[in-house]
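Below you'll find the structure, written out as structure tokens, and then a few comments.
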2 protein chains.
Amino acid sequence: MRVSTRFSDAIHLLAYLKIYANTKLTSDAIAASIETSPVVVRRLMGKLRQAGLITTTAGTANPELAKPLGEISLLRVFYAVEGDKPLFAVDPKTNPACIVGGNIQTVLKQYYQDAQTAAEARLARTTLQDIVDNILVEQAKKDAQA
Amino acid sequence: MRVSTRFSDAIHLLAYLKIYANTKLTSDAIAASIETSPVVVRRLMGKLRQAGLITTTAGTANPELAKPLGEISLLRVFYAVEGDKPLFAVDPKTNPACIVGGNIQTVLKQYYQDAQTAAEARLARTTLQDIVDNILVEQAKKDAQA
DNA sequence: CTCCTTGTAACATTAATAATTACAGCTATT
DNA sequence: AATAGCTGTAATTATTAATGTTACAAGGAG
């Protein structure tokens with residue numbers, strides 16, 4: 001499969017809304033930053049809107065963050081665009097007549113869930129404010145070198 | 001893309017080698033349990049062999065575990081079949097001329113790595129012996145009901 | 001020597017993602 | 001109220017990682 005960059009692109013989008021708040025925030029402008037198509041951006045914004053992270057206005061380029069970046073964790077964004085998609089996939093089609101095939105799904109699901117929860121706990125610790133802060137620091141480093 | 005079940009299938013395979021050790025372990029038999037093709041099984045075994053987890057003999061159906069199951073963690077298996085593939089994908093193609101697009105990869109990589117490490121730490125804690133034990137318990141539950 | 005098997009390469013299929021095209025409908029501006 | 005520019009969304013196509021299939025050379029057991 002193609003690897004999904006929805007999560008990364010959603011974070012990108014939200015950071016963009018903050019850092020370029022004083023510009024015209026059309027899906028075209030955002031798409032140019034992510035290097036994707038405006039439609040993809042609007043679809044992403046649709047998910048973020050449904051999740052209550054931003055507000056948008058049909059017909060007008062005016063997406064706005066629904067809450068302070070410090071109150072939006074990476075985990076919240078992940079759920080918004082990826083749903084509860086598991087990080088580790090259980091093979092759903094194994095032979096039920098076999099001791100292994102008949103029970104492994106139940107067993108693996110538990111351990112996979114533990115691992116995923118550990119990762120999610122990490123994502124829950126970081127907010128979009130942290131991301132924006134770090135982006136600005138990285139940019140400042142570059143500016144200092146120039 | 002299609003979701004990878006290599007990790008789950010590899011665990012399945014290794015558990016099968018143990019639980020059905022006293023049967024003829026052809027790639028055909030194993031494939032019937034995983035419900036995949038023998039070629040896929042042989043490919044998986046190739047990776048596990050390269051990782052030093054099993055030994056095989058060309059021409060003969062005799063795959064063997066290279067070490068006790070209690071010494072093989074899920075993480076070891078994960079690396080064997082998935083390499084160091086990141087759980088969260090950074091979008092590699094963003095606009096470098098943009099403050100966000102030019103720096104977000106560096107920033108996200110760090111946080112993603114933290115989350116992945118947390119998940120991997122969990123996988124490192126569990127061994128294939130745990131998996132086999134749990135499979136047998138699940139099976140015993142079923143047998144008790146019958 | 002024959003049969004079964006592994007190890008691999010080459011090719012086909014599947015499925016998730018992203019990109020593209022199209023268009024209805026909203027909003028601000030004039 | 002006409003226009004221009006935008007959003008929201010559906011429908012279609014393209015891309016690509018993963019899995020499945022076919023084919024076959026070569027190893028091992030009887």
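Convention: sequence-line order gives letters A, B, ...; per-chain numbering from 1. What you see below is based on every heavy atom in this structure, not just the backbone, and it leaves out hydrogens, waters and symmetry mates. Not measured: the values here are computed from a predicted model.
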Interatomic distance, B/Asp28 CG vs D/dT21 P [rounded to whole Å]: 12 Å
Atom pair distance, as rounded to whole Å: CG in B/Leu48 and C1' in C/dG7: 14 Å
B/Phe78-A/Phe88 aromatic ring centre distance below 6.0 Å: yes
Side-chain N or O of [X] less than 4.0 angstrom from OP1 or OP2 on [N]?
{"X": "B/Ser4", "N": "D/dT19", "value": "yes"}
{"X": "B/Thr26", "N": "C/dT6", "value": "no"}
{"X": "A/Arg49", "N": "D/dG8", "value": "yes"}
{"X": "A/Lys24", "N": "D/dC6", "value": "yes"}

When all nucleic acid strands are considered with a 4.0 Å heavy-atom cut-off, which category describes B/Lys93: base, sugar-phosphate, or nothing? nothing
Just so I know, are the side chains of B/Val100 and B/Asn95 near enough to count as touching, which here means a heavy-atom distance under 4.5 Å? no
All N/O donor-acceptor pairs, side-chain side in residues 5-15 of chain B, below 3.5 Å, sequence neighbours left out:
| from | atom 1 | to | atom 2 | distance (Å) |
| --- | --- | --- | --- | --- |
| B/Thr5 | OG1 | B/Asp9 | OD2 | 3.1 |
| B/Arg6 | NE | B/Val81 | O | 3.3 |
| B/Arg6 | NH2 | B/Glu82 | OE1 | 2.9 |
| B/Ser8 | OG | A/Ala89 | O | 2.7 |
| B/Ser8 | OG | A/Tyr112 | OH | 2.7 |
| B/His12 | NE2 | B/Ser33 | OG | 2.7 |

Could you write nucleotides 20-30 of chain C as a row of B, S and -, 5' to 3', where a protein heavy atom under 4.0 Å of any base atom gives B, of only sugar-phosphate atoms gives S, and otherwise -? BB---BBS---
Checking B/Glu138 side chain against A/Val107 main chain: does a donor-acceptor pair fall under 3.5 Å? no
Any donor and acceptor pair, going by atom type alone, linking the side chain of B/Asn134 with main-chain N or O of B/Asp130 inside 3.5 Å? yes
With a 3.5 Å cut-off and sequence neighbours excluded, list the donor-acceptor pairs that the side chains of residues 51-68 of chain B form with protein atoms.
| from | atom 1 | to | atom 2 | distance (Å) |
| --- | --- | --- | --- | --- |
| B/Thr56 | OG1 | B/Arg49 | NE | 2.8 |

